[in-house]
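Just so it is clear, the values below take in all heavy atoms, side chains as well, and ignore hydrogens, waters and symmetry mates. Naming: A, B, ... by sequence-line order, numbering from 1 per chain. Just so we're clear, the structure is a prediction, and the values are computed from it rather than from any experiment.
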Number of protein chains: 2
Amino acid sequence: MRSGRITIADVARAAGVSKGAVSFALNERPGVAVDTRKRILQTAADLGWAPNQRARALSTSRALAFGLVVARPPEILAEDAFFPAFIAGIEAELVGSEYALVLQVVTPDQEHNGYRRLVRDGRVDGVLLTDVRTDDSRIPLLQSLSLPAVTLNRAQPTSPFPAVSIDDKPAVIAAVRHLIDLGHRDIAHVAGPSGYVHVVARRTAWAETLAAAGLPPGSLVQGDFSARGGASATRWLLDGPHRPTAIVYASDIMAIAGLAAARERGVDVPRDLSVVGFDDTPLAAHVHPALTTARADVVGWGRAATRALARLASGRAQPDVDCPPAELILRHSTGPPPRRRRAAAKRTAAERPTRTGLSDRPQKQGSPA
Amino acid sequence: MRSGRITIADVARAAGVSKGAVSFALNERPGVAVDTRKRILQTAADLGWAPNQRARALSTSRALAFGLVVARPPEILAEDAFFPAFIAGIEAELVGSEYALVLQVVTPDQEHNGYRRLVRDGRVDGVLLTDVRTDDSRIPLLQSLSLPAVTLNRAQPTSPFPAVSIDDKPAVIAAVRHLIDLGHRDIAHVAGPSGYVHVVARRTAWAETLAAAGLPPGSLVQGDFSARGGASATRWLLDGPHRPTAIVYASDIMAIAGLAAARERGVDVPRDLSVVGFDDTPLAAHVHPALTTARADVVGWGRAATRALARLASGRAQPDVDCPPAELILRHSTGPPPRRRRAAAKRTAAERPTRTGLSDRPQKQGSPA
DNA sequence: CAGAGCAGCTAAACCGGTTTATTGAACAAG
DNA sequence: CTTGTTCAATAAACCGGTTTAGCTGCTCTG
């Protein structure tokens with residue numbers, strides 16, 4: 001009578017067939033007559049029976065679950081809009097599938113044990129690798145554990161796992177070009193912690209765009225994706241001997257903290273300083289001034305990665321996947337550099353794209369051709 | 001040779017005992033001689049064997065996992081620092097235990113199906129209920145599914161499940177008193193979506209503290225915990241016929257958006273308007289002006305709730321648990337009301353607690369006696 | 001010194017599915 | 001009227017643990 005009580009044997013008895021027949025009917029395997037199948041399924045529905053995934057997991061030697069190991073200190077995790085959105089994407093893909101998501105949050109030094117534990121206990125059929133590093137030790141680990149995996153962005157060219165990627169560069173390139181077009185020549189970058197491929201991508205895009213425009217290398221400060229780190233990086237830049245007229249941050253959180261740090265120093269944004277973020281946090285449109293930033297479809301990223309992992313775990317081949325690249329969202333935190341420091345920017349007001357206000361329909365600027 | 005290959009039978013054979021003996025030895029059950037047990041465990045260690053949790057799950061009829069169903073739209077989820085911190089707390093407690101965390105993110109209308117699915121598939125041994133509503137339909141549902149559960153904050157007095165609670169009221173009461181002491185008489189509240197117990201608690205604390213001070217009821221606007229909602233609620237209050245001199249928000253995100261909305265209207269914080277948030281998001285200390293807000297130990301909350309659920313799932317009784325209440329953190333977004341609108345606040349500068357700057361050592365103000 | 005009691009261990013059933021080997025019936029071909 | 005195929009369905013083995021019932025040999029008791 002109780003929900004979990006009914007087993008395949010009950011259904012078999014009620015339908016007047018064997019356990020095997022029920023299993024075959026349910027899994028749409030040949031060897032069951034059409035009307036028998038119909039009768040079995042009807043009986044199952046009447047009894048409200050669904051196969052126990054624990055039993056299935058044991059007999060099929062699959063866990064029917066995917067794993068996500070998150071190795072970030074809680075503070076950074078709490079500040080980052082990436083994970084909730086990413087997990088929402090995973091779940092959107094998992095709903096209706098037979099898979100569940102097993103989450104494991106570990107301290108960075110316990111990261112490998114996190115994966116080992118998932119494998120040892122047979123908890124998952126595959127894992128999603130986020131925060132991929134350029135020389136990521138998890139790749140050989142997972143290879144040795146022979147656990148299917150999908151990486152978010154490609155770790156190394158030699159990685160044996162399919163990568164599902166979002167290209168951050170177009171948005172950063174567009175941001176730097178936008179600033180250059182406005183007349184900026186001193187464009188600094190507040191990067192994320194070294195080693196991460198997306199951090200490298202953003203930094204490289206910034207540096208190369210400056211170089212391509214014939215500008216000298218800008219100031220580079222390494223942040224840690226935290227508000228505090230963003231604030232102190234900003235103070236360091238503003239208090240330094242060569243104050244930049246624009247800062248491109250590797251994350252919105254750092255940029256928003258930078259906004260406050262600038263204001264504290266009496267530096268007006270965007271009059272004295274232009275600021276660009278990255279992520280398009282929901283808050284970005286609702287700070288003052290509204291933040292020019294880069295947007296990527298993180299939910300879609302989660303979906304695509306999960307889909308790829310499902311294919312991989314079912315033994316099918318899975319090529320790399322490229323999601324749509326990040327796009328620059330123009331708002332109000334960027335403008336021409338201050339006149340007293342620079343010759344007035346060639347005023348090409350007509351050229352400048354219209355800004356959106358605090359409305360939620362910011363204008364997208366496509367990635368450069 | 002491969003990691004997952006070794007079974008209990010291999011260990012039994014190698015140790016020269018039966019499967020049952022190995023199982024007994026591993027689970028520290030009587031009936032195995034001390035030296036035999038030692039030999040078995042040594043053999044297991046040598047072979048690198050650990051029991052397959054899938055098999056254990058089937059034979060013990062337990063899932064060895066807890067569930068967390070999150071029913072929030074992705075945007076709200078992405079803005080909220082609560083979940084990452086809470087999950088970090090759960091995991092901190094789960095590490096080293098035999099339990100894993102199964103996450104399920106669903107759309108609010110699919111919430112019940114989320115729980116049903118977890119139960120039907122036998123995925124979890126219990127669930128944690130967050131975002132508890134005053135008349136929460138999940139309580140009878142889980143009761144009918146006979147699934148152990150722990151609620152974060154008490155839903156109804158009649159709820160059959162243990163509640164692990166953090167009292168938000170002391171911090172809100174302290175905030176409102178603090179504003180009253182500064183001389184404010186028009187203190188508005190931007191609440192969260194109706195129905196949630198924590199939303200009600202915060203709103204009630206605000207209203208009652210005003211009443212207790214003999215002040216007329218303040219303006220109340222219902223927000224939705226989103227930045228956009230916070231901004232529009234703020235605009236509504238500032239543009240209304242009776243502009244408040246202080247606003248207490250039910251979340252930092254709404255408060256931070258409120259800061260920008262105020263600035264947009266030319267309203268200076270804290271000169272023209274005092275602002276109080278709730279959550280102490282890492283960003284709160286790094287906006288301008290640094291946000292006076294309430295802080296609770298969400299990680300500790302997650303730990304306590306998980307501990308309670310583990311006890312409950314193992315059949316032991318579990319009373320309600322009270323975690324330390326939220327505390328008011330004074331920063332720079334509150335100050336005396338503008339003179340032109342109010343008689344100057346009784347200047348009791350000496351009385352006013354020292355503010356902390358953008359430093360990360362804000363001063364706590366204990367909950368009122 | 002037989003029989004009770006018990007510690008220490010084994011064999012086998014069991015959890016609830018999936019999967020393989022096998023049987024039975026229907027039907028076509030020889 | 002056999003014989004050979006094919007399709008439908010079943011019985012039983014299996015996944016890898018846990019758990020119960022039972023067996024052995026030893027000690028203790030009367």
inquiry  = Just to be sure I understand the rule, does B:S23 reach a base, reach only the sugar-phosphate, or reach nothing, if contact means heavy atoms closer than 4.0 Å?
reply    = base

remark   = Separation of C:dT18 atom P from A:R54 atom CZ, nearest Å, is 15 Å

remark   = Between CZ of B:R120 and P of C:dG17 the distance, given in whole Å, is 12 Å

ask   = Roughly how many Å is it from CD1 in B:I40 to P in C:dC9, rounded to a whole number?
value = 7 Å

task = Would you mind classifying the nucleic acid contact of A:G122 as base, sugar-phosphate or nothing, using non-hydrogen atoms under 4.0 angstrom?
result = nothing

ask   = Is a side-chain N or O of A:N52 found less than 3.5 angstrom from the main chain of A:T7, in a donor-acceptor match?
value = no

query = Tell me: CZ of B:R56 to P of D:dG16, nearest whole Å?
reply = 16 Å

message = In this structure, how many angstroms lie between the C1' atom of C:dG16 and the CH2 atom of A:W49, rounded?
response = 9 Å

ask   = OP1, OP2 of C:dG17 versus side-chain N and O of A:S59: anything below 4.0 Å?
value = no

message = I need the CG-P distance between A:D10 and C:dG16, as an integer number of Å.
response = 9 Å

ask   = What are the two closest non-hydrogen atoms of A:D125 and A:L64, and how far apart are they?
value = OD2-N, 2.7 Å

task = Over 60° means perpendicular and under 30° means parallel, so classify the ring planes of A:F86 and A:F83, tilted if in between.
result = perpendicular

request  = Scan for side-chain hydrogen bond (donor to acceptor under 3.5 Å, both in side chains) pairs involving residues 78-91 of chain B, sequence neighbours excluded, and state none if there are none.
outcome  = B:R72-B:D80

query = With sugar-phosphate meaning primed atoms plus P, OP1 and OP2, does B:V22 contact a base, only sugar-phosphate, or nothing at under 4.0 Å between heavy atoms?
reply = nothing

ask   = In terms of side-chain heavy atoms of B:I8, which of D:dG17, D:dT10, D:dC15 is nearest?
value = D:dG17

query = Given A:R39 and A:V17, is the side chain to side chain contact (heavy atoms under 4.5 Å, CB included) satisfied, shown in steps?
reply = CA-CA 10 Å; A:R39 180 161 45 90; A:V17 295; 4.2 Å; yes

Nucleotide C:dG17, atom P - distance to CD1 of A:I6 in whole Å = 10 Å

key: Strand-adjacent residues in residues 24-39 of chain B, judged by heavy atoms under 4.0 Å from DNA chain D   = B:F24, B:N27, B:R29

inquiry  = Looking at B:K19 and D:dG17, is any side-chain donor or acceptor paired with a base atom of the opposite kind under 3.5 Å?
reply    = yes

task = For B:E98 and D:dT18, give me the distance from atom CD to atom C1', rounded to whole Å.
result = 13 Å

note = On DNA chain C, more 5' by nearest nucleotide between B:A21 and B:T60 is B:A21

ask   = What's the shortest heavy-atom distance between B:F161 and B:L147, and which atoms?
value = CE2-O, 3.6 Å

query = Where does the angle between the aromatic ring planes of B:F82 and B:W301 fall among parallel (under 30°), tilted (30 to 60°) and perpendicular (over 60°)?
reply = perpendicular

message = Check this one for me: any side-chain N or O of A:T7 less than 4.0 Å away from OP1 or OP2 of C:dG16?
response = no

